[in-house]
Amino acid sequence: MDDTLDSPPPEFSGAPTIDFRAELNDEQFNAVTAEPGPLLVLAGAGSGKTRTLTYRVAYLLSMGVRPGEILLLTFTNKAAREMLARVEQLTGVEPRRFWGGTFHSIGARILRMYGDAIGLPKNPTILDADDSESLLKLSVEAEDKLFFKDKTHPKPGPLHNVLSLARNTRLDLAETVSRHFPQYQEIAHRLPAFAAAYAARKREQNVLDYDDLLELWLDLLVKAPDVAAYFVARFRHVLVDEYQDTNTLQSEIVDRMGAHHRVMAVGDDAQCIYSWRGANFENIMTFPDRHEGTVIHRIETNYRSTPQILALANGVLEAQPRGRHFEKKLVAARANSTKPYVVQAMDDREQAEFIIKRVRSLIEDDGVSPAEIAVLYRSHFVALEIQLALSRAAIPYTITSGVKFFERQHVRDLIGLIQFVYNPANTLAWERIAVLLPKVGEKGAQKIHAAALDHARLLRLDFVDALASDDVKARVPKDAKDDWPQFCASLREVAHALRDDKPARAIELAIEGWYGDHLKGAYADYVDRYEELKALIGFAERFDDIQDLLAQIVLLNGETSEKEVAPPQDAIKLTTVHQAKGLEYDAVFVIGLADGLFPGRRSIEDGDVEEERRLFYVAVTRAKNELYLCYPKIASRAGPGGMLLNPSRFLTELSPALYEPLRIKRQFGW
């Protein structure tokens, strides 16, 4: 096919003339107006990546490429809509004229058109997540009807997550489990048979799940060369947004759809932070190897942050291993300001109190909008103390995930277990934990509770002890009988701890007992949730009486619920770094910057902290004006006396010239 860019298409000719030279900086202009061919655009944080892509589409139109000859692949439909709406403003060409959208939406469209070439019936039904899990459950039970009765085995949702990650990363199931789901190591050998049964049942019912839209799209390109050749000829230009987030499947699809090598991949290797979702760092690093003659464009002018914040961000990049990243250096378009601060606190509570004081000063003295202040962290449990402090200080806040620590389901379950053991008359707490048993519903839980109450009164037994009696066990559904002895034994252990020990010991036993095993099967991200529950132990250490602990939790939940009436513009943001990617704030506090917290313990033990370093880079580059990097010297969640922490290696490897050290004094003078 001729690569020449022809005269503009008729629909473009009446549109306003775009002065690309005036609208773009030099780096953006060079990328936007580059000759057709393999292009890797390394767009640094805050450098105008979306603008570059949008103007590239407009430029191609202005040079004679027709809308239907451009394929734009994004990770959200919103991103595609926004880009193509902006293209319409620039050129007058309607979004519907393009093939633009997420990988999955484009895959669905292509399979509807040409799926019969690989034996797909016309118009297969696409299952949503709930239906996919239900079908997987039926498939597994046909192979082993008892599989899901073992509470340590993954339930259908977590099992679907395991299979999905293996499919998207093109790894076998054993390696997927070993890398990402170690809690399922003992049953890894059984998963291939379940995956095969699930695939067979989908074929029988003429249905596709979400992952099929990618897998079968790639199958079509591999097994139907005529169809592949048609799409390669049709789409003269393939543009990919956030290329660093592509998984192995997506990368192979891009390579085949762009076999003509007129692919523009836009991304930033320094912001590849989603390996746990399947993103493959090697995709962007090896792009030039797979597309001979790749021209690399660097867009490094940053319009977001001050020079001092960017100097620290560049320091983070300089610490990366040589040869394992693309060289880049962010350049500030803004005027000088203050250096970032590195803040050492004694513990989580002192760290939180410092943030409260500084937040008040930012809002009341400096006029910063609360919505322009963010607290970022590696994991949810790190934010427990700051949530408590904000609630006590009556400072409204929102959490990006939408769920505050004590509202998270597994946290509420564990608290419910403690509440019930402390007060067996609390039937709401009982029902919350009882329904976690197989085939126990709300009414069944009520019947078991009534039977235990009668038995306890008759024999003058403690209620928790009465649960283990044969009379009560007779009311337990057959599917839950295997769990029942451990369930009762775990409740007794917690009850004894509540009588003889501090509340922290009762919580520890609850986590290590029956509920810990339930957690393993209930959630694919078991390891993270387990860490969050362990954070409760440190919180409970400050209480000598269980009643005081439970009352405090109830009060905190009430206080935080009241804050929900505050409009988002009046609330500061609490968010994990992952969820903050793509966002920006006037002032950013990054908390918990200690080895074992950020970078996390598992990445240190595995000897690979590079993704964690990139995550730190993303955190730093969210800040526009002020940046506070905070770490506690003592981990309060480690038990009595705490555990000494070392500042994060990501801090110690930075030149001290890049920041101002700030040590908190008593009464928070600094």
Side-chain angles (χ1 to χ4, degrees), residues 341-360 373-393 395 397 399 401 404-408 411 414-415 502-504 507-508 511 528-544 548-549 552-553 555-557 559-560 572-577 588-601 616 619 627-648 650-651 661-668 670:
Y341 294 97
V342 171
V343 184
Q344 181 193 86
M346 182 58 66
D347 56 18
D348 291 341
R349 274 185 272 186
E350 190 172 74
Q351 178 180 251
E353 290 303 323
F354 161 75
I355 292 172
I356 295 296
K357 186 174 179 67
R358 185 64 192 125
V359 162
R360 281 182 167 149
I373 301 172
V375 179
L376 309 184
Y377 37 86
R378 173 65 183 85
S379 304
H380 282 290
F381 70 81
V382 176
L384 171 58
E385 202 63 53
I386 187 65
Q387 291 184 46
L388 303 179
L390 287 167
S391 295
R392 292 191 201 101
I395 297 176
Y397 68 94
I399 296 183
S401 66
K404 296 176 172 60
F405 183 85
F406 285 112
E407 294 172 353
R408 287 173 65 75
V411 176
L414 194 80
I415 295 299
K502 286 188 175 183
I507 289 177
E508 184 178 10
I511 295 170
D528 292 333
R529 291 179 187 258
Y530 179 76
E531 288 292 323
E532 290 181 16
L533 291 182
K534 286 177 69 176
L536 276 175
I537 300 173
F539 174 68
E541 283 291 347
R542 69 190 69 174
F543 298 94
D544 292 321
D548 292 341
L549 169 63
Q552 184 64 45
I553 291 172
L555 287 172
L556 286 169
N557 273 342
E559 290 168 358
T560 55
I572 72 169
K573 303 296 186 293
L574 271 59
T575 173
T576 63
V577 183
V588 167
F589 298 83
V590 187
I591 63 173
L593 279 167
D595 268 5
L597 299 177
F598 198 166
R601 175 179 49 81
F616 180 52
L627 175 63
Y628 299 85
L629 306 173
C630 311
Y631 69 94
K633 288 178 66 177
I634 296 173
S636 58
R637 69 190 189 92
M643 178 181 72
L644 287 176
L645 296 170
N646 293 317
S648 170
F650 303 146
L651 293 177
L662 194 159
R663 295 201 176 187
I664 302 171
K665 299 177 183 177
R666 288 190 177 182
Q667 304 306 315
F668 301 96
W670 54 82

Completion exercise
Heavy-atom nearest pair, L574 first then Q387, reads CD2-CG, 3.6 Å
Practice task
State, with a plain yes or no, whether a side-chain heavy atom of F381 is found less than 4.5 Å away from one of L533.
Solution key: no
Handout entry: Side-chain heavy atoms of L662 within contact of V342, under 4.5 Å
Key = no
Practice task
Side-chain contact test, heavy atoms from C-beta onward, threshold under 4.5 Å: evaluate it for I373 versus K573 and give yes or no.
Solution key: no
Exercise for the section: Quick one: list whatever passes salt bridge (Lys or Arg N to Asp or Glu O under 4.0 Å) with R601, sequence neighbours left out. Expected result: E531, E605
Exercise for the section: Quick one: list whatever passes side chain to side chain donor-acceptor pair (under 3.5 Å) with E508, sequence neighbours left out. Expected result: R505
Exercise for the section: Report the residues that fulfil side-chain contact (heavy atoms from CB on, under 4.5 Å) with D528, sequence neighbours left out, ordered by chain and then residue number. Expected result: D525, R602
Handout entry: R408 with E532: basic N within carboxylate O range, under 4.0 Å
Key = yes
Exercise for the section: Please lay out, stage by stage, how L629 and F650 fare under the test side-chain contact (heavy atoms from CB on, under 4.5 Å). Expected result: CA-CA 11 Å; L629 306 173; F650 303 146; over 6 Å; no
Exercise for the section: Kindly say whether the aromatic ring centers of Y341 and F589 come within a distance under 6.0 Å. Expected result: no
Problem - Euclidean distance, R529 CZ relative to L414 CG, rounded to 0.5 Å - result: 13.0 Å
Exercise for the section: List the steps, then state whether side-chain contact (heavy atoms from CB on, under 4.5 Å) holds for V577 with F598. Expected result: CA-CA 11 Å; V577 183; F598 198 166; 4.0 Å; yes
Handout entry: Separation of E385 CD from I355 CD1 (nearest 0.5 Å)
Key = 10.5 Å
Problem - Which residues share a side-chain contact (heavy atoms from CB on, under 4.5 Å) with D548, sequence neighbours left out - result: F543, D545
Exercise for the section: Name all residues meeting the side-chain contact (heavy atoms from CB on, under 4.5 Å) criterion together with Q344; count only those two or more places apart in sequence or in a different chain, and write none if there are none. Expected result: Y631, K633, R663
Practice task
Output the distance between atom CD1 (I415) and atom CG (L549), rounded to the nearest 0.5 Å.
Solution key: 6.0 Å
Problem - Chi angles and distances behind the side-chain contact (heavy atoms from CB on, under 4.5 Å) call for R358, Y628 - result: CA-CA 10 Å; R358 185 64 192 125; Y628 299 85; 2.6 Å; yes
Exercise for the section: Can you measure from NE2 (H380) to OG1 (T576) and round to the nearest 0.5 angstrom? Expected result: 5.5 Å
Exercise for the section: Give the minimum heavy-atom separation between I507 and A540, together with the two atoms involved. Expected result: CD1-CB, 3.7 Å
Practice task
Determine yes or no for a side-chain-to-main-chain donor-acceptor pair under 3.5 angstrom, with E353 supplying the side chain and R349 the backbone.
Solution key: no
Exercise for the section: Walk me through it: do T575 and L376 pass the test side-chain contact (heavy atoms from CB on, under 4.5 Å)? Expected result: CA-CA 5 Å; T575 173; L376 309 184; 3.2 Å; yes
Fill in the blank from the handout: Those residues at least two apart in sequence (or on a different chain) that pass side-chain contact (heavy atoms from CB on, under 4.5 Å) with P632 are D348, Q351, L645
Practice task
For the residue pair V375 and I591, establish whether any side-chain heavy-atom pair is separated by less than 4.5 Å.
Solution key: yes
Problem - Heavy-atom pair of closest approach, residues Y397 and L390 - result: CD2-CB, 3.6 Å
Fill in the blank from the handout: In terms of heavy-atom contacts, V590 and A619 come closest through CG2-CB, 4.1 Å
Problem - N/O donor-acceptor pair under 3.5 Å between R360 side chain and A393 backbone - result: yes
Handout entry: Within-4.5 Å side-chain heavy-atom neighbours: L536 and F406
Key = yes
